[in-house]
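Residue numbers begin at 1 in each chain, while the letters A, B, ... track the order of the sequences. Here the structure is a predicted model, which means the values were calculated and not measured.
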Protein chains: 2
Amino acid sequence: MPETEIDTLIRLFSRLPGFGVRSARRTVLHLIKKKETQLIPLSAAIQKVIDNVRICPVCGNLDSIAPCHICQDLKRDEGILCVVQDVADLWAIERSAAFKGRYHVLGGLLSAIEGTGPDELRLPALEKRICENHISELILALPATVDGQTTGHYIAERFKNIPVRISSLAQGIPVGGELDYLDDGTIQTALKARK
Amino acid sequence: MPETEIDTLIRLFSRLPGFGVRSARRTVLHLIKKKETQLIPLSAAIQKVIDNVRICPVCGNLDSIAPCHICQDLKRDEGILCVVQDVADLWAIERSAAFKGRYHVLGGLLSAIEGTGPDELRLPALEKRICENHISELILALPATVDGQTTGHYIAERFKNIPVRISSLAQGIPVGGELDYLDDGTIQTALKARK
(Lines give C-alpha, C1' and ligand atoms only; values in the text may rest on other atoms or scores of the structure.)
Protein backbone atom coordinates (compact mmCIF):
# COMPACT_ATOMS: atom_id res chain seq x y z
CA MET A 1 0.00 0.00 0.00
CA PRO A 2 1.44 3.42 -0.86
CA GLU A 3 2.14 5.85 1.97
CA THR A 4 -0.95 7.92 2.78
CA GLU A 5 -0.82 11.67 3.20
CA ILE A 6 -1.21 11.27 6.96
CA ASP A 7 1.64 8.74 7.05
CA THR A 8 3.90 11.14 5.12
CA LEU A 9 3.23 13.88 7.64
CA ILE A 10 3.86 11.51 10.56
CA ARG A 11 7.15 10.40 8.99
CA LEU A 12 8.30 14.01 8.57
CA PHE A 13 7.36 14.91 12.14
CA SER A 14 9.10 11.81 13.49
CA ARG A 15 12.39 13.10 12.04
CA LEU A 16 12.30 16.25 14.19
CA PRO A 17 14.58 16.39 17.24
CA GLY A 18 12.91 14.91 20.31
CA PHE A 19 10.23 13.21 18.23
CA GLY A 20 9.60 9.53 17.77
CA VAL A 21 6.91 7.78 15.76
CA ARG A 22 4.51 7.78 18.71
CA SER A 23 4.76 11.47 19.48
CA ALA A 24 4.62 12.25 15.74
CA ARG A 25 1.36 10.29 15.43
CA ARG A 26 -0.09 12.06 18.44
CA THR A 27 0.91 15.48 17.10
CA VAL A 28 -0.44 14.85 13.62
CA LEU A 29 -3.77 13.56 14.95
CA HIS A 30 -4.02 16.56 17.26
CA LEU A 31 -3.33 18.92 14.36
CA ILE A 32 -5.89 17.29 12.07
CA LYS A 33 -8.53 17.53 14.80
CA LYS A 34 -7.69 21.21 15.34
CA LYS A 35 -7.52 21.92 11.64
CA GLU A 36 -8.99 25.43 11.69
CA THR A 37 -7.35 26.69 14.88
CA GLN A 38 -3.94 25.02 14.67
CA LEU A 39 -3.13 23.16 11.44
CA ILE A 40 -4.02 25.96 9.01
CA PRO A 41 -2.29 28.71 11.07
CA LEU A 42 0.78 26.45 11.37
CA SER A 43 0.84 25.91 7.63
CA ALA A 44 0.60 29.67 7.00
CA ALA A 45 3.35 30.43 9.53
CA ILE A 46 5.65 27.82 7.97
CA GLN A 47 5.05 29.28 4.52
CA LYS A 48 5.94 32.77 5.74
CA VAL A 49 9.15 31.52 7.31
CA ILE A 50 10.06 29.66 4.11
CA ASP A 51 9.40 32.75 2.00
CA ASN A 52 10.97 35.41 4.19
CA VAL A 53 13.49 34.20 6.75
CA ARG A 54 17.08 34.53 5.61
CA ILE A 55 20.53 34.43 7.19
CA CYS A 56 21.70 37.97 8.03
CA PRO A 57 24.71 38.65 5.77
CA VAL A 58 26.36 40.72 8.51
CA CYS A 59 26.07 38.66 11.68
CA GLY A 60 24.60 35.28 10.70
CA ASN A 61 21.37 35.73 12.67
CA LEU A 62 18.07 34.56 11.16
CA ASP A 63 15.52 37.25 10.35
CA SER A 64 13.01 38.31 7.73
CA ILE A 65 14.92 41.52 7.04
CA ALA A 66 18.54 41.75 5.87
CA PRO A 67 20.58 42.99 7.66
CA CYS A 68 18.69 41.64 10.67
CA HIS A 69 16.87 43.93 13.10
CA ILE A 70 19.77 43.72 15.57
CA CYS A 71 22.31 44.82 12.95
CA GLN A 72 19.96 47.64 11.90
CA ASP A 73 19.28 48.84 15.46
CA LEU A 74 21.17 52.12 15.83
CA LYS A 75 20.65 52.10 19.60
CA ARG A 76 22.92 49.08 19.92
CA ASP A 77 26.67 49.50 20.39
CA GLU A 78 28.38 48.78 17.08
CA GLY A 79 31.78 48.46 18.75
CA ILE A 80 31.10 45.36 20.83
CA LEU A 81 30.57 41.98 19.19
CA CYS A 82 29.32 38.95 21.06
CA VAL A 83 30.61 35.80 19.32
CA VAL A 84 28.24 32.82 19.60
CA GLN A 85 28.22 29.32 18.21
CA ASP A 86 24.65 29.31 17.00
CA VAL A 87 21.49 31.37 16.55
CA ALA A 88 19.97 29.54 19.56
CA ASP A 89 22.71 31.07 21.75
CA LEU A 90 22.04 34.52 20.29
CA TRP A 91 18.35 34.11 21.21
CA ALA A 92 19.29 33.03 24.74
CA ILE A 93 21.47 36.13 25.26
CA GLU A 94 18.74 38.37 23.81
CA ARG A 95 16.24 36.90 26.28
CA SER A 96 18.57 37.82 29.14
CA ALA A 97 18.37 41.46 27.92
CA ALA A 98 21.86 41.97 29.38
CA PHE A 99 23.72 42.75 26.16
CA LYS A 100 23.30 45.82 23.99
CA GLY A 101 25.98 45.29 21.37
CA ARG A 102 25.90 43.30 18.14
CA TYR A 103 26.47 39.61 17.46
CA HIS A 104 28.54 37.37 15.28
CA VAL A 105 27.25 33.82 14.76
CA LEU A 106 30.04 31.36 13.97
CA GLY A 107 27.73 28.61 12.80
CA GLY A 108 29.64 25.93 14.68
CA LEU A 109 32.84 25.26 16.61
CA LEU A 110 36.29 24.12 15.58
CA SER A 111 36.38 20.37 15.93
CA ALA A 112 39.18 18.00 15.13
CA ILE A 113 36.84 15.03 15.39
CA GLU A 114 34.22 16.41 13.03
CA GLY A 115 36.89 18.00 10.84
CA THR A 116 35.51 21.54 11.19
CA GLY A 117 38.22 24.06 10.36
CA PRO A 118 38.23 27.89 10.59
CA ASP A 119 37.00 28.33 7.02
CA GLU A 120 33.86 26.26 7.62
CA LEU A 121 32.92 28.75 10.35
CA ARG A 122 32.18 32.43 9.79
CA LEU A 123 35.67 33.37 11.02
CA PRO A 124 36.94 35.12 7.86
CA ALA A 125 33.76 37.26 8.01
CA LEU A 126 34.51 38.04 11.66
CA GLU A 127 38.05 39.12 10.81
CA LYS A 128 36.78 41.38 8.04
CA ARG A 129 34.18 42.87 10.38
CA ILE A 130 36.74 43.59 13.11
CA CYS A 131 39.16 45.27 10.70
CA GLU A 132 36.58 47.35 8.84
CA ASN A 133 34.21 48.40 11.62
CA HIS A 134 36.39 49.61 14.53
CA ILE A 135 35.30 46.81 16.85
CA SER A 136 36.71 47.52 20.31
CA GLU A 137 35.65 44.35 22.14
CA LEU A 138 34.87 40.74 21.33
CA ILE A 139 32.90 38.84 23.96
CA LEU A 140 33.30 35.12 23.41
CA ALA A 141 30.04 33.50 24.54
CA LEU A 142 31.05 29.99 23.58
CA PRO A 143 30.07 26.75 25.33
CA ALA A 144 32.28 25.57 28.19
CA THR A 145 33.18 22.40 26.31
CA VAL A 146 36.48 21.25 24.82
CA ASP A 147 35.48 22.43 21.33
CA GLY A 148 34.11 25.72 22.71
CA GLN A 149 37.33 26.45 24.59
CA THR A 150 39.48 25.42 21.62
CA THR A 151 37.55 27.80 19.40
CA GLY A 152 37.93 30.59 21.97
CA HIS A 153 41.70 30.08 22.15
CA TYR A 154 41.94 29.98 18.38
CA ILE A 155 40.07 33.30 18.07
CA ALA A 156 42.26 34.92 20.76
CA GLU A 157 45.40 33.72 18.95
CA ARG A 158 44.18 34.71 15.49
CA PHE A 159 43.29 38.27 16.49
CA LYS A 160 46.17 38.92 18.90
CA ASN A 161 47.76 41.48 16.56
CA ILE A 162 44.53 43.39 16.06
CA PRO A 163 43.75 46.08 18.67
CA VAL A 164 40.58 44.46 19.99
CA ARG A 165 39.88 43.48 23.58
CA ILE A 166 38.79 39.83 23.90
CA SER A 167 36.81 38.61 26.89
CA SER A 168 34.88 35.46 27.73
CA LEU A 169 31.74 34.79 29.75
CA ALA A 170 32.54 34.21 33.41
CA GLN A 171 32.40 30.62 34.61
CA GLY A 172 31.03 29.75 38.01
CA ILE A 173 27.95 28.69 39.90
CA PRO A 174 24.64 29.30 38.08
CA VAL A 175 22.28 31.73 39.81
CA GLY A 176 20.02 29.67 42.07
CA GLY A 177 22.37 26.69 41.74
CA GLU A 178 22.64 24.35 44.73
CA LEU A 179 26.27 23.32 45.35
CA ASP A 180 25.09 19.81 46.11
CA TYR A 181 23.88 19.32 42.54
CA LEU A 182 26.81 20.90 40.71
CA ASP A 183 29.53 18.89 39.04
CA ASP A 184 33.10 18.94 40.37
CA GLY A 185 34.45 20.90 37.42
CA THR A 186 32.08 23.82 38.00
CA ILE A 187 32.86 23.97 41.72
CA GLN A 188 36.61 23.86 41.05
CA THR A 189 36.33 26.66 38.47
CA ALA A 190 34.16 28.76 40.78
CA LEU A 191 36.65 28.31 43.64
CA LYS A 192 39.64 29.29 41.49
CA ALA A 193 37.80 32.35 40.15
CA ARG A 194 36.58 33.47 43.61
CA LYS A 195 36.57 37.19 44.24
CA MET B 1 8.20 45.13 18.87
CA PRO B 2 5.71 43.12 16.75
CA GLU B 3 5.98 39.34 16.74
CA THR B 4 8.44 38.16 14.09
CA GLU B 5 7.61 35.36 11.69
CA ILE B 6 9.96 33.04 13.58
CA ASP B 7 8.26 33.93 16.89
CA THR B 8 4.83 33.17 15.40
CA LEU B 9 6.02 29.75 14.31
CA ILE B 10 7.56 29.06 17.73
CA ARG B 11 4.32 30.10 19.44
CA LEU B 12 2.26 27.74 17.25
CA PHE B 13 4.65 24.84 17.85
CA SER B 14 4.64 25.50 21.60
CA ARG B 15 0.86 24.87 21.65
CA LEU B 16 1.28 21.30 20.39
CA PRO B 17 0.89 18.48 22.92
CA GLY B 18 4.19 17.67 24.62
CA PHE B 19 5.78 20.92 23.47
CA GLY B 20 6.94 23.84 25.54
CA VAL B 21 8.58 27.06 24.45
CA ARG B 22 12.06 25.54 24.67
CA SER B 23 11.34 22.51 22.53
CA ALA B 24 9.38 24.69 20.08
CA ARG B 25 12.40 26.99 19.69
CA ARG B 26 14.69 24.03 19.14
CA THR B 27 12.35 22.50 16.56
CA VAL B 28 11.85 25.75 14.63
CA LEU B 29 15.58 26.45 14.50
CA HIS B 30 16.23 22.89 13.36
CA LEU B 31 13.61 23.24 10.63
CA ILE B 32 14.97 26.58 9.38
CA LYS B 33 18.46 25.11 9.19
CA LYS B 34 17.16 22.11 7.26
CA LYS B 35 14.96 24.23 5.04
CA GLU B 36 15.36 22.25 1.82
CA THR B 37 15.30 18.76 3.30
CA GLN B 38 12.79 19.17 6.12
CA LEU B 39 10.93 22.49 6.29
CA ILE B 40 9.76 22.60 2.68
CA PRO B 41 8.71 18.91 2.59
CA LEU B 42 6.88 19.42 5.91
CA SER B 43 5.05 22.42 4.51
CA ALA B 44 4.01 20.47 1.41
CA ALA B 45 2.84 17.48 3.50
CA ILE B 46 0.79 19.75 5.77
CA GLN B 47 -0.83 21.40 2.76
CA LYS B 48 -1.79 18.01 1.31
CA VAL B 49 -3.33 16.94 4.60
CA ILE B 50 -5.27 20.23 4.83
CA ASP B 51 -6.54 19.85 1.28
CA ASN B 52 -7.39 16.16 1.24
CA VAL B 53 -7.87 14.52 4.62
CA ARG B 54 -11.51 14.24 5.65
CA ILE B 55 -13.51 12.34 8.24
CA CYS B 56 -14.95 9.14 6.73
CA PRO B 57 -18.75 9.59 6.71
CA VAL B 58 -19.23 5.88 7.37
CA CYS B 59 -16.88 5.02 10.23
CA GLY B 60 -15.33 8.30 11.41
CA ASN B 61 -11.76 7.38 10.39
CA LEU B 62 -9.52 10.03 8.81
CA ASP B 63 -8.49 9.47 5.22
CA SER B 64 -8.01 11.25 1.91
CA ILE B 65 -10.72 9.16 0.27
CA ALA B 66 -14.35 8.98 1.40
CA PRO B 67 -15.46 6.41 2.41
CA CYS B 68 -12.03 5.60 3.86
CA HIS B 69 -9.86 2.80 2.48
CA ILE B 70 -10.94 0.46 5.29
CA CYS B 71 -14.66 0.99 4.54
CA GLN B 72 -13.93 0.46 0.83
CA ASP B 73 -11.86 -2.70 1.34
CA LEU B 74 -14.07 -5.57 0.14
CA LYS B 75 -11.72 -8.14 1.71
CA ARG B 76 -12.69 -6.94 5.19
CA ASP B 77 -15.65 -8.46 7.02
CA GLU B 78 -18.57 -6.03 6.81
CA GLY B 79 -20.45 -7.84 9.55
CA ILE B 80 -18.05 -7.13 12.43
CA LEU B 81 -17.61 -3.61 13.78
CA CYS B 82 -14.89 -2.65 16.20
CA VAL B 83 -16.04 0.33 18.26
CA VAL B 84 -13.22 2.65 19.31
CA GLN B 85 -13.04 5.97 21.12
CA ASP B 86 -10.70 7.70 18.73
CA VAL B 87 -8.82 7.43 15.43
CA ALA B 88 -5.60 6.85 17.42
CA ASP B 89 -7.12 3.63 18.79
CA LEU B 90 -8.16 2.56 15.28
CA TRP B 91 -4.56 3.08 14.14
CA ALA B 92 -3.27 1.03 17.10
CA ILE B 93 -5.57 -1.90 16.25
CA GLU B 94 -4.60 -1.68 12.56
CA ARG B 95 -0.92 -1.87 13.53
CA SER B 96 -1.64 -5.08 15.43
CA ALA B 97 -2.99 -6.55 12.15
CA ALA B 98 -5.25 -8.78 14.28
CA PHE B 99 -8.62 -7.45 13.11
CA LYS B 100 -10.11 -7.80 9.66
CA GLY B 101 -13.55 -6.23 10.14
CA ARG B 102 -14.62 -2.59 9.95
CA TYR B 103 -14.50 0.18 12.54
CA HIS B 104 -16.77 2.70 14.16
CA VAL B 105 -15.08 5.71 15.77
CA LEU B 106 -17.20 7.21 18.56
CA GLY B 107 -15.21 10.42 18.78
CA GLY B 108 -15.16 10.37 22.57
CA LEU B 109 -16.66 8.65 25.59
CA LEU B 110 -19.75 9.29 27.67
CA SER B 111 -18.71 11.49 30.56
CA ALA B 112 -20.89 12.92 33.30
CA ILE B 113 -18.07 15.26 34.36
CA GLU B 114 -17.44 16.67 30.90
CA GLY B 115 -21.16 16.54 30.07
CA THR B 116 -20.70 14.31 27.02
CA GLY B 117 -23.99 12.59 26.18
CA PRO B 118 -24.79 9.91 23.56
CA ASP B 119 -25.71 12.47 20.90
CA GLU B 120 -22.32 14.16 21.07
CA LEU B 121 -20.76 10.81 20.13
CA ARG B 122 -21.33 8.97 16.86
CA LEU B 123 -23.82 6.64 18.57
CA PRO B 124 -26.90 7.44 16.44
CA ALA B 125 -24.73 6.72 13.37
CA LEU B 126 -23.68 3.41 14.96
CA GLU B 127 -27.33 2.45 15.58
CA LYS B 128 -28.22 3.27 11.98
CA ARG B 129 -25.28 1.23 10.73
CA ILE B 130 -26.17 -1.80 12.84
CA CYS B 131 -29.82 -1.77 11.71
CA GLU B 132 -29.13 -1.18 8.03
CA ASN B 133 -26.04 -3.29 7.42
CA HIS B 134 -26.67 -6.67 9.07
CA ILE B 135 -23.90 -6.26 11.61
CA SER B 136 -23.49 -9.53 13.49
CA GLU B 137 -20.90 -8.51 16.10
CA LEU B 138 -19.76 -5.36 17.88
CA ILE B 139 -16.34 -5.54 19.49
CA LEU B 140 -16.03 -2.80 22.08
CA ALA B 141 -12.37 -1.76 22.10
CA LEU B 142 -12.80 1.00 24.68
CA PRO B 143 -10.33 2.10 27.34
CA ALA B 144 -10.43 0.29 30.69
CA THR B 145 -11.34 3.51 32.49
CA VAL B 146 -14.56 4.53 34.27
CA ASP B 147 -15.77 6.48 31.23
CA GLY B 148 -14.73 3.68 28.87
CA GLN B 149 -16.63 1.07 30.88
CA THR B 150 -19.66 3.37 31.29
CA THR B 151 -19.76 3.85 27.53
CA GLY B 152 -19.47 0.10 27.00
CA HIS B 153 -22.38 -0.61 29.35
CA TYR B 154 -24.46 2.10 27.72
CA ILE B 155 -23.88 0.58 24.26
CA ALA B 156 -24.74 -2.93 25.50
CA GLU B 157 -27.95 -1.60 27.09
CA ARG B 158 -28.93 0.52 24.09
CA PHE B 159 -28.57 -2.30 21.58
CA LYS B 160 -29.90 -5.17 23.75
CA ASN B 161 -33.04 -5.56 21.60
CA ILE B 162 -31.09 -5.65 18.34
CA PRO B 163 -29.77 -9.09 17.31
CA VAL B 164 -26.09 -8.22 17.48
CA ARG B 165 -23.44 -9.98 19.56
CA ILE B 166 -21.48 -7.56 21.75
CA SER B 167 -18.03 -8.42 23.06
CA SER B 168 -15.23 -6.47 24.73
CA LEU B 169 -11.46 -6.71 24.59
CA ALA B 170 -10.12 -9.14 27.19
CA GLN B 171 -8.51 -7.63 30.26
CA GLY B 172 -5.44 -9.18 31.84
CA ILE B 173 -1.69 -9.08 31.95
CA PRO B 174 -0.03 -7.37 28.95
CA VAL B 175 2.21 -9.62 26.84
CA GLY B 176 5.71 -9.34 28.28
CA GLY B 177 4.32 -7.75 31.45
CA GLU B 178 6.18 -8.40 34.70
CA LEU B 179 3.77 -9.07 37.57
CA ASP B 180 5.98 -7.04 39.86
CA TYR B 181 5.30 -3.85 37.87
CA LEU B 182 1.55 -4.28 37.32
CA ASP B 183 -1.04 -2.43 39.36
CA ASP B 184 -3.33 -4.30 41.77
CA GLY B 185 -6.44 -3.80 39.63
CA THR B 186 -4.88 -5.53 36.62
CA ILE B 187 -3.67 -8.47 38.71
CA GLN B 188 -7.11 -8.86 40.36
CA THR B 189 -8.85 -8.77 36.96
CA ALA B 190 -6.39 -11.24 35.48
CA LEU B 191 -6.90 -13.61 38.43
CA LYS B 192 -10.70 -13.41 38.20
CA ALA B 193 -10.61 -14.01 34.44
CA ARG B 194 -8.14 -16.92 34.68
CA LYS B 195 -8.72 -19.83 32.33
Side-chain angles (χ1 to χ4, degrees), chain A residues 1-13 15-19 21-55 61-65 68-69 73 86-92 95 107, chain B residues 1-13 15-19 21-55 61-65 68-69 73 86-92 95 107:
Chain A
M1 209 172 77
E3 193 179 60
T4 69
E5 281 144 353
I6 296 177
D7 289 339
T8 307
L9 192 53
I10 291 173
R11 180 171 53 76
L12 289 169
F13 263 104
R15 284 162 55 189
L16 296 180
F19 265 87
V21 178
R22 272 170 183 276
S23 47
R25 267 190 223 121
R26 191 170 58 136
T27 303
V28 167
L29 198 55
H30 171 91
L31 282 169
I32 295 176
K33 285 182 188 167
K34 311 256 178 184
K35 185 171 164 178
E36 301 299 326
T37 58
Q38 298 206 13
L39 186 57
I40 290 175
L42 183 70
S43 174
I46 287 177
Q47 196 56 53
K48 276 198 183 157
V49 165
I50 289 174
D51 291 342
N52 300 328
V53 172
R54 297 283 175 275
I55 296 170
N61 188 13
L62 292 166
D63 206 341
S64 35
I65 52 174
C68 74
H69 70 274
D73 186 347
D86 194 272
V87 176
D89 301 333
L90 185 159
W91 291 353
R95 285 197 299 278
Chain B
M1 209 173 77
E3 191 179 63
T4 68
E5 280 145 353
I6 295 177
D7 289 339
T8 308
L9 191 54
I10 291 173
R11 179 170 54 75
L12 289 169
F13 263 105
R15 286 162 56 189
L16 296 180
F19 265 88
V21 177
R22 271 169 184 277
S23 46
R25 266 189 224 121
R26 191 170 57 135
T27 304
V28 168
L29 198 55
H30 171 91
L31 282 169
I32 295 175
K33 285 182 190 167
K34 310 256 177 184
K35 184 170 163 179
E36 301 299 327
T37 57
Q38 297 206 12
L39 186 58
I40 291 175
L42 184 69
S43 174
I46 288 177
Q47 197 55 54
K48 276 198 183 159
V49 165
I50 290 175
D51 292 342
N52 300 329
V53 171
R54 297 284 175 275
I55 296 170
N61 189 13
L62 292 166
D63 206 341
S64 36
I65 52 173
C68 74
H69 71 274
D73 186 346
D86 194 272
V87 175
D89 302 332
L90 185 159
W91 290 354
R95 285 198 298 278

Next item on the list: Count the heavy-atom pairs under 4.5 Å between each of B:Leu12, B:Ile50, B:Asn52 and chain A, then report the option with the highest count.
Entry: B:Ile50
Checklist line | Between A:Asp63, A:Thr8, A:Leu39, A:Ile55, the one whose heavy-atom pairs under 4.5 Å with chain B are most numerous | finding: A:Leu39
Notebook entry, point to check: So which heavy atom on A:Ala24 is nearest to which on A:Ile10, and how close?
Noted result: CB-O, 3.4 Å
Item checked: Pairs involving residues 44-55 of chain B, ordered by first then second residue, that meet salt bridge (Lys or Arg N to Asp or Glu O under 4.0 Å) (sequence neighbours left out) -> none
Checklist line | Part of B:Arg22 lying under 4.5 Å from any heavy atom of chain A | finding: neither
Under 3.5 Å, sequence neighbours excluded: what are the donor-acceptor pairs made by side chains of residues 25-33 of chain B?
residue : atom : partner : partner atom : Å
B:Thr27 : OG1  : B:Ser23 : O            : 2.7
B:His30 : NE2  : B:Gln38 : OE1          : 3.1
B:Lys33 : NZ   : A:Asp86 : OD1          : 3.2
B:Lys33 : NZ   : A:Asp86 : OD2          : 2.5

Note to self: With a 4.5 angstrom heavy-atom cut-off, is it the side chain or the backbone of B:Ile65 that approaches chain A, or both, or neither?
What the structure shows: neither
Next item on the list: Would you indicate whether the side-chain heavy atoms of A:Glu36 and A:Ile40 approach each other to under 4.5 Å?
Entry: yes
